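Structure record follows, encoded as C-alpha cells.
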Amino acid sequence: MEIAKAFDPKEAEKSHYQRWETSGFFMPEINEDPNAVKYSIVIPPPNVTGSLHMGHALQHTIMDVLTRWKRMQGYRTLWLPGTDHAGISVQRKVVEQLKKDEHKKPTDIGRDEFVRRAWTWKEQYGNTITEQMRREGASVDWSRHRFTMDDDLSKAVRSVFVTLFDQGWIYKGLRIVNWCPKDKTVLSDLEVKEETKKDGKLTYLKYPVVGTDRTITVATTRPETMLGDTAVAVNPRDERYKDMVGKAIALPLTDREIPIIADEYVDAEFGTGAVKITPAHDPNDYQVGLRHDLPQLLIMNDDGTMNAAAGTEFDGLDRFKAREKVVEMFEELGLLERVEDYEITLPVCERCKTVVEPILSDQWFVKMDEMRDMALDLMRTEGVPHFSPQVPHEKVYTAWLENLKDWTISRQLWWGHQIPAWYDDEGNTYVAMTAEEAKEKAGGRELTQDQDVLDTWFSSGLWAFSTFGWTGEVDGKKPEKELTANSYQLSAISDRRTDLETFLPTDVLVTGRDIIFLWVSRMIMLTKKFVDKKAFEDVIVTGTVLGKDGKPMSKSRNNGVDPIEMFDKFGVDATRIYLASIATGADIKWNDLLIETYRNFANKIWNATRFCLMNSDGAKVDHSSLVGHDTFSLPDKWIISRLNRTAIDVNKALAKYEFHTAVSLLYHFFWDDFCDWYIELVKDEITSGSPPYEGGVAPASADGVVLLARTRILTILEIALRMLHPFMPYLTEELWLKLPGISKEMLAAAYKSAEPTIMLTAFPPGDASAIDETADAEMQLVIDTIKRVRNIRSEMNIKPSDRLAIHVAGNAETLAILSANEAQIKKLARADTIVLGETLDVPKASAKAVLTGGAEIAVPLEGLIDFDKERERLAGQIAKLDVELQRIDGQLSNANFVERAPEEKVKELRERKEQIERQIQTLTQNLEALG
RNA sequence: GCCGUCUUAGCUCAGUGGUAGAGCACUCGCUUCACACGCGAUAGGUCACAAGUUCAAAUCUUGUAGACGGCACCA
C-alpha cells in the first residue's frame, strides 16, 4: 500500500470526528460490559460568550487524554460537556448590540424582551466554543450537553436557594458591597481585582470644630465621600484629641454637624490620627458606624454619580468630577491643608476594569461558615480533593477557606436565574420554587418578584450534580433529553435517571488556578451539602500558557496565540501532544518551535507507518506474532522488551497525571527505539521481496521469515499507535485504519459490537514478563559498537560511501553477541567485513576505540588516517574518562563514604572504576602505539 | 505586610539526595530506495548566590537577590 509522503493533518481531521460522534463512541453506553467501572469528568463550562483560547485547549487536551485512556482501558467513560450562561458577559453583549443596532437602552425594551434577545444571542453565538471543541477532537458525550440555564439546572438553582433560605443559610441585608458603576451591579469579593495607581492623591482636609477656632485634619483618597461623612473618629488614647471627643464638627460644604467619636479602629500612629467616617461608603467606616449608631448617608447613584443627599451643587455630578470640585471648594474655603502624591491600589471590576465603589446596599448573601467547615473537614479527614500538583494548591485552598467571608449572590442584571423571592406590599418576603407557590404562601396576596438574578457562580457551584439531572425533587423524574445523534439506537441508552448515582463523584476536575476559589471550592461545598457526596476525587490544576513575551495572554497586550491558528498551521494532534508535554501545573511561555517538534513527530509516525505499509505484502497485524519470543532475533527481543516497558511506564505516568512524562516516553520510544534503531536494524529483512527489487528482478514471493518480520513490525506499530491515540487521536485513527488485518476483532472486550476504531481498542497495559534485561544489555553492546564506528567515520572524515572493515577484540560472550548481529552492524556502520578475535591484529594506520564493557575496536584506515587527528581523538576520549575517574577516586578514598554509604553503592562505584581504568589503559596503549 | 512558586545548555523547558537531560538553535558530514518536518557525528552547563545538614546536595534546611502569583491592608 502506498500513502502520501507527508502527513496532512487536515485530511485526517476531516471525517473521523463525525463518525466517532454519530456512532456513539463518546457515550458511556457504548460500553457493553455490565460490570465496567465508571470513569467520569465534568467539563468546566466555558462561557457562551467565549471562544477557544490556549487555556481551554490545554485543559481539554488533558481531559481528553484521560477520557480516551480510560475508555480504552475498558471503563464506562463519560466526559460531560456544557456551557455557562455568563451573566455579566452576555448582558453586556446584548446591551452593546441594542445600542448599536437600535440606539436603545435595556429599559426601553423592558426585561422580558431583553431576556428574549439574550436567548437569541445565545442561540446565535453561544455555540462557537462547542464547535471548536469538536475540532479539538474532544470525546465528550454531546447528548448530555448541559447549559446552566436549562430547565433542569434552573430548577436545581431554585431548589438550592429555597432550601438554603429555609435553613437560614441565605439572608438578605444591608452591607457594604463592591459596586460596579458601569455594569450597575454588585460584585463578589472574588470578582474584584486590584490595580495599582502611581498617580494617586492623598488629600488632607481641615474640618472646623464647633465652638472653637480649631480644626481637625483628616486625610482621604476619595474626597467626594466627605459629603457622606457622619462622624470623625480618633483613638480613645490619643492625647492630641482627648479634649475633642464629644465635640462636633461643622462639616464643610454641608449644613450638617457631625460628632467627634473615639474608636479603637483608629491607628493614632497613622496619618493625622483622625479619620473621617463615611458609613455608607466604606466597609471599616460601616463597622464604626454600627458601633456608634451613626447615620448611614448614601450619597451616590448606581451609575457612580452623586445624588441629592450630596447637596444640590453635587447632585448628578460624576464621582470623579465631584472629587475635583470638593477639593477646589475646600481650597477656596482655606480648608485644604495639602495634597500629597500617593501610590494607591484601587479595586476594579474584573471584567470592565471600572473602579469599584464600596457602597451600602441591600443584597442577598450566603452564610459560609457551616459550608466552610464541611469543606475543611473533607480536606482534613479524607484529604479530598487531592490536588495535582499538591503544592501549593492544597495549602492555598485551605488557607482561603479558613478566612472565608459571606458570599454576595445577588446581581443587578436581567440575564441569569432570577431570584426566587417575592414581596408583598408590606415588604414581607416569600421564597418559593414558583410564583404560584409564593402566592400560596402569601395567602393569595399580589406579589412582585425580586428583580435581581443570582451570581453566575451560584449555578456553576451546582454544576457537579445539576448536570447529572439533580433538580432537588424527591422522585427525580424528568423527561429524557432528546438525542441528536442519529446512527445508534435510543434503546441502547440506559436510563439517565441513574446518572447522578452512577457518575458522581466524578474522578477528576481539570481547571485553572484562577477559579479554585470562585468555582472549585463552592462546588465541593454545595455538592457535599446537597448530595452528601464528594464532587470529585482529584483536582488537576493546570498552569498558565503565557504569551511569547512571558506575560499572560490578553487582548490588551495583543500577545495571544489562537489555538485554531495552531491547529491550521501544525495540526490538532501536534498541538495536543505539545500541550500534554507541559509539566502538570507549570506555566509555559508560548513558542511555535516547540509545536513544530511535535508536528515533526506526527510526520515521523506517518512515515514510519508508510514504510511498514510499503513493505507489508502478505502480512497483517497479528498479536500472536510477538508471543514466544525465545527464538526471536536480538532486535526483535529488544524492541518487544522496550515496547512493554514503555507501556507500563506510560500507564504509571498517566495514573499520576504526569502527562509530560508519558509524552516523553512515547516520543523517545517511537523515534529513537522504533524508528532509529528497530526499523533500521530489520530494514533489510522487511524490504527483501518488496520493490524496488535488487537488480530489478522481483522474487517469486516473500518467504516465511520475511513475512514474520513484516507481521511483527506491523504489530509493534499497531500497539504503539494505540498508546499514542489519547494524545494524537486523528493521526492514529487515520493510520490504524490503514493497517492490514484491522477488524472488529481487535476492539477491546467491552466494545465488541462497535465498528473498527482505534479509540475502542485496548490501551496496551504492558507485560512485565516481556521485559528482557538480557536483550536490553546485549542490544546496548550492538548500539555501542555501531556508535563507536560511526564516531570514527565522522571524526576521520570517511566518506559515507566508503566501506570499511571493523575489528573487534573481546571476550567470548561479547564476540558471540556481535557475531549474531553481524549483518546489522555491517549495515548501520557501513562496513564490509567484521573480524572478531581474542586480540586485535591490525595495521598501525587504524583508528581505535574501546567499548564500555572493555572490548576493543579498530578500523584500519590505510591511507585515510590522519595520525594527529587520531591522537587528538584518543586523547579526548581518555580525558573524558579521566574526569570521571578522578571523581570516583575522590569518593572511594573518602573513608566516610566507604563506611557509611550503602554497600551496593560502593560496589557499583568500584566496578565502574575498574571499567574506566581498563578503558583508559587500552586507549593509552593505542595512543602510545601511534608514537 | 503575609503566604507561595520559580531561577538548570544560546532559547523553551524536563529532572532529582549518589556519573547533569530533551527539543530547537549552533558546528561538521550526508539527496543511505519511510521521512530534509529527515539521517549521522560533535560542541555547549561550578543546575541564581551564600551558609548549613549529610559519607554524598543541583536535589533537603535557612538566608540573600531577581522574576512571578495569591491574600490582606490602604484614613
Side-chain angles (χ1 to χ4, degrees), chain A residues 3 5-7 194 200 202-204 218-222 232-233 265-267 270-278 282 284-285 342-346 389 391-393 395-396 399-400 403 513-514 516-517 544 546 550-552 570 574 581-583 585-591 593-594 596-615 660-661 664 667-668 675-676 679-680 683 687 690-692 694 786-787 790-795 797-801 827-828 830 876 883-884 887-888 891 894-902 905-906 908-909 912 916:
Chain A
I3 64 174
K5 196 172 169 183
F7 171 50
E194 254 130 56
L202 188 60
T203 308
Y204 290 78
V218 294
T220 178
T221 53
R222 294 186 293 153
V232 166
Y265 155 69
V266 181
D267 177 1
F270 192 93
T272 62
V275 183
K276 59 189 277 307
I277 299 297
T278 323
D282 183 278
N284 292 313
D285 293 6
Y342 189 72
E343 187 179 310
I344 188 171
T345 48
L346 291 174
V391 178
H393 300 113
K395 197 174 169 181
V396 172
W400 180 78
N403 298 301
R513 39 175 172 258
D514 52 335
I516 292 178
F517 305 148
T544 312
L546 306 168
K551 303 218 165 104
F570 302 108
S581 79
I582 300 168
D587 291 349
I588 188 133
K589 249 184 254 186
W590 187 264
N591 189 342
L593 289 172
L594 295 166
E596 236 176 283
T597 299
Y598 292 99
R599 190 267 318 259
N600 296 351
F601 183 47
N603 191 54
K604 190 74 181 175
I605 296 167
W606 177 269
N607 273 290
T609 307
R610 179 167 178 257
F611 169 79
C612 293
L613 290 175
M614 284 166 76
N615 299 287
H660 62 297
T661 308
S664 163
Y667 184 93
H668 291 292
C675 293
D676 286 351
I679 290 185
E680 296 305 329
K683 195 174 244 178
T687 55
S690 292
E694 202 151 331
I786 294 166
K787 279 182 165 279
R790 281 175 173 173
N791 175 261
I792 288 170
R793 292 194 73 106
S794 184
E795 300 277 313
N797 298 322
I798 311 296
K799 275 188 278 182
S801 53
K827 176 167 165 69
L828 297 191
R830 305 189 142 256
V883 170
E884 200 185 337
R887 205 194 48 248
I888 293 174
Q891 267 183 284
N894 181 342
N896 279 327
F897 171 74
V898 180
E899 269 169 43
R900 302 199 197 186
K905 211 83 226 169
V906 179
E908 198 180 294
L909 222 54
R912 178 76 188 133
I916 293 172

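Every chain is numbered from 1 and lettered A, B, ... according to where its sequence line falls, protein lines coming before strand lines. What you are looking at is a predicted structure, and each value in this text was computed from that prediction instead of being measured.
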P spacing across the pair B:G1 / B:A22, given as an integer number of angstrom | 43 Å
Nearest to the side chain of A:N591 - B:U12, B:C35, B:A41?
-> B:U12
Taking only the side-chain heavy atoms of A:E680 (C-beta and beyond), determine which of B:A34, B:A72, B:U12 contains the nearest atom.
-> B:A34
Using the P atoms only, state how far B:U5 lies from B:U64, rounded to an integer number of Å.
-> 15 Å
Taking salt bridge (charged side-chain N to carboxylate O under 4.0 Å, His left out) as the test, write out the residues that go with A:K395, two or more places apart.
-> none
Would you classify A:E884 as touching base, sugar-phosphate or nothing, given that sugar-phosphate means primed atoms plus P, OP1 and OP2, and contacts are heavy atoms under 4.0 Å?
-> base
Taking atom C1' in both B:A65 and B:A56, what distance in whole Å separates the two?
-> 28 Å
So does A:D587 pair up with A:R513, basic N to acidic O under 4.0 Å?
-> yes
When all nucleic acid strands are considered with a 4.0 Å heavy-atom cut-off, which category describes A:D267: base, sugar-phosphate, or nothing?
-> base
Classify the side chain of A:K604 versus the base of B:C35 as yes if they form a donor-acceptor pair under 3.5 Å and no if they do not.
-> yes
OP1 or OP2 of B:G38 less than 4.0 angstrom from a side-chain nitrogen or oxygen of A:N600, does that happen here?
-> yes
Closer than 4.0 Å, any side-chain N/O of A:K905 to the OP1 or OP2 of B:G18?
-> no
